[in-house]
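Here is the structure we will look at, set down as structure tokens.
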Amino acid sequence: MTETHPKPEMASENTIPILVEFTGGLEMLFSDERKHRLSVPSKDDEGNPVNIGWLVKHLCDKVMKDSRKEMFVLDDHVRPGILVLVNDADWELEGEASYALQPNDNILFVSTLHGG
Amino acid sequence: MESANASAAALRAKIAATEERLKLLKAQLANIEEKEAEEVEESPVTRKWPLLPDEYKRYGRQMIVPSVGIQGQLRLKDASVLIVGAGGLGCPSSAYLAGAGVGTIGIVDGDIVETSNLHRQILHNSSTVGMKKVDSIVSYLKSLNPHLKYITHPTHLTPQNAAEIVSQYELVLDCTDHPTSRYLISDTCILLQKPLVSASALRRDGQLIVLNSPPLPAGDAKGGPCYRCVFPKPPPTDSVVSCGDGGILGPVVGVMGVLQALEGIKLIVEGRLKEEQEVDGRGNTMLLFSASGSPQFRSLKMRARSSKCVACSGNAELTLEKLPGMDYAVFCGIASPIGILKPEERIEAKEYLELEQDSEKTHVLLDVREKVQFDICSLENSINIPSSSFQGTRSSSLQEGKPSWLPETVRADASIYVICRLGNDSQIVTQKLKEAGLDNNGKRAIKDIRGGLKAWKEQVNPSWPEY
Ligand SMILES: [Zn+2]
């Protein structure tokens with residue numbers, strides 16, 4: 001699995017290029033980078049299409065270098081106070097964690113802010 | 001020095017007296033202007049116009065915008081808006097609403113103006129430091145637009161007073177800075193069927209969402225979602241960062257406040273404060289702003305009302321009767337002030353000074369503020385390891401035995417003193433260091449410096465720069 005910058009045409013039958021973004025302070029947990037271009041396998045270990053649930057675990061295990069895992073995932077779910085957006089639409093409109101990733105999807109994680 | 005103090009005091013008194021005089025003159029002028037306006041209206045040859053002559057001049061540039069017009073302006077004049085929070089969001093939003101001619105503006109805030117507010121809370125100024133924020137803000141708004149009615153609520157919004165205050169207005173702007181108030185305001189707006197414009201900001205990011213619009217009764221799925229629909233569970237307290245802790249750029253929160261005013265003006269002018277219909281194609285959106293993002297603005301398509309929401313769904317358990325008994329601090333998991341260490345695990349700042357001067361004893365001073373704060377000012381010979389790096393199960397700052405940040409030359413029994421800005425994070429780190437076994441079974445003392453660098457300034461060094 002590479003974390004360099006796959007171009008759409010590099011997508012093979014076995015991998016899917018996606019863009020993952022973090023904002024609202026979450027980027028601090030991911031090497032202070034807002035945008036992460038990832039190439040993910042199209043199927044998980046059981047042969048099912050990879051979904052956002054799989055992606056969240058992958059981000060936590062493989063991409064996140066920060067030790068504060070619980071600031072991103074709590075009880076195997078994205079922690080309360082983080083919105084997940086699939087191509088700028090609330091993931092609740094898309095089936096939440098079960099949404100199957102499509103080539104060139106943009107998955108945005110937003111931490112809510114409270115200051116004012 | 002003493003004579004300088006005396007002349008400063010004399011100047012302050014002079015300024016205060018002049019300001020009083022100015023107030024009086026302004027009141028006299030307003031009086032005369034009002035009489036003039038009445039006389040014009042009473043004259044038999046002139047028609048009775050719905051706005052004062054000054055108002056036609058004042059609002060002309062916005063009234064000639066086709067989507068506003070005279071009808072929109074009269075709607076603004078009739079409207080009443082409550083702004084909860086007279087801070088970084090409340091200042092710009094109230095200024096634009098007052099400028100636009102919203103007839104009644106209420107402001108809720110229990111705080112006083114501090115110097116650290118001024119870089120972003122633009123209606124307060126150096127001479128209003130120490131004043132109640134509601135008074136400071138209204139004195140500015142009155143000079144901006146004397147035609148409006150201003151109501152001050154010099155208190156924090158609480159479950160006990162929220163319904164009484166909110167019920168006096170048609171629209172609410174959430175300009176507060178904590179999840180507890182955000183849930184309280186949203187719940188109250190659902191119960192009283194008021195649309196709510198909610199914004200927030202931190203560091204270089206801002207978020208804006210219009211909630212409960214249309215403001216239909218709980219159980220009507222066509223109503224706009226509430227704060228609980230979007231955030232059913234409160235965030236863990238560790239993840240809640242205030243502007244005081246995380247920092248904030250003035251223009252970032254300013255942009256968000258201005259956008260709140262804009263959404264408010266749109267709701268009023270378009271006659272949507274009490275609308276009973278969902279408007280096709282408008283949908284629910286959240287606007288993200290990021291000073292360093294590309295693009296800087298991003299509009300997200302959001303969920304509708306949730307059928308499981310405890311506030312606005314058909315199964316909602318929330319009622320006006322239950323509201324005063326709600327404990328939002330408990331709901332959001334707010335613990336009482338941190339006091340997790342035993343007295344002997346902490347020392348006072350002045351005791352640490354004595355230790356520091358005793359060159360016989362070697363020790364390590366660990367400053368656990370974020371690096372950006374450490375760079376502003378730090379104590380001599382202190383080591384900076386941010387408290388965030390001690391959190392989490394995979395922390396590398398907590399290896400047993402000898403973590404990499406501990407200097408090679410330091411003996412295994414040399415004490416570690418932990419300091420931070422206010423004395424909260426340092427307690428948590430002290431405990432974590434002990435749990436990780438760095439105290440070598442009691443051979444090494446690990447202690448928290450009580451009250452942090454704030455106490456250092458108070459007890460030891462008054463010239464310490466407090467930021
Ligand atoms: Zn709701």
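In the text below, chain A, chain B and the rest are named by the order of the sequence lines, each starting its count at 1.
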Is [X] atom [atom1] crowded by more than 12 heavy atoms from other residues, nucleotides or ligands, each under 6.0 Å away?
X        : atom1 : result
B:Asp375 : CG    : yes
A:Asn48  : CG    : yes
B:His119 : NE2   : yes

Shorter than 4.5 Å, heavy atoms on both sides: which option in A:Pro80, A:Gly81, A:Ala89 has the most such pairs with chain B?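 Of A:Pro80, A:Gly81, A:Ala89, A:Pro80 has the most heavy-atom pairs under 4.5 Å with chain B.
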Heavy-atom cut-off 4.5 Å, strictly under: side chain, backbone, both or neither for [X] against chain A?
X        : answer
B:Ser299 : backbone
B:Val252 : neither
B:Ser294 : both
B:Pro234 : backbone
B:Met256 : neither

Is any side-chain heavy atom of [X] less than 4.5 Å from a side-chain heavy atom of [Y]?
X        : Y        : value
B:Ser200 : A:Thr112 : no
A:Val110 : B:Gln207 : yes
B:Ser239 : A:Glu70  : no
A:Leu108 : B:Arg298 : yes

To the nearest 0.5 Å, tell me how far [X] [atom1] sits from [Y] [atom2].
X        : Y        : atom1 : atom2 : result
B:Phe289 : A:Leu113 : CZ    : CG    : 12.0 Å
A:Met71  : B:Ser388 : CE    : OG    : 9.0 Å
B:Leu300 : A:Asp88  : CG    : CG    : 5.0 Å
B:Asp205 : A:Leu26  : CG    : CG    : 10.0 Å
A:Arg68  : B:Phe390 : CZ    : CZ    : 12.5 Å
B:Lys233 : A:Arg79  : NZ    : CZ    : 12.5 Å

Determine the option with the most heavy-atom pairs under 4.5 angstrom with chain A, choosing from B:Leu202, B:Ile248, B:Asp245.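 Heavy-atom pair counts peak at B:Leu202.
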For each of B:Cys175, B:Pro179, B:Gly206, tally heavy-atom pairs with chain A at distances under 4.5 Å, and name the one with the top tally.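 Top count of heavy-atom pairs under 4.5 Å with chain A: B:Pro179.
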Segment of A:Leu83 engaging chain B (4.5 angstrom heavy-atom cut-off):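 The side chain, not the backbone.
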With a 4.5 angstrom heavy-atom cut-off, could you sort out which part of A:Ser111 is near chain B: side chain, backbone, both or neither?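 Contact with chain B: backbone only.
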Has A:Asp90 got a side-chain atom pairing as donor or acceptor with B:Lys301's backbone, closer than 3.5 angstrom?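 No: the side chain of A:Asp90 does not pair with the backbone of B:Lys301.
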If we ignore angles and hydrogens, is there a donor and acceptor under 3.5 Å between the side chains of B:Ser290 and A:Arg34?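 Yes, because at least one side-chain N or O of B:Ser290 sits under 3.5 Å from a partner of the opposite role on A:Arg34.
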Minimal non-hydrogen separation, A:His114 against B:Arg182, with atom names: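 For A:His114 and B:Arg182, the tightest heavy-atom pair comes out as O-NH2, 3.3 Å.
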State, to 0.1 Å, how close B:Cys243 and A:Gly116 come at their nearest heavy-atom pair, and which atoms those are.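 Scanning both residues completely, I find the closest heavy atoms to be SG-N, 3.8 Å.
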With a 4.0 Å cut-off, would you call B:Arg303 and A:Glu94 a salt bridge?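 No.
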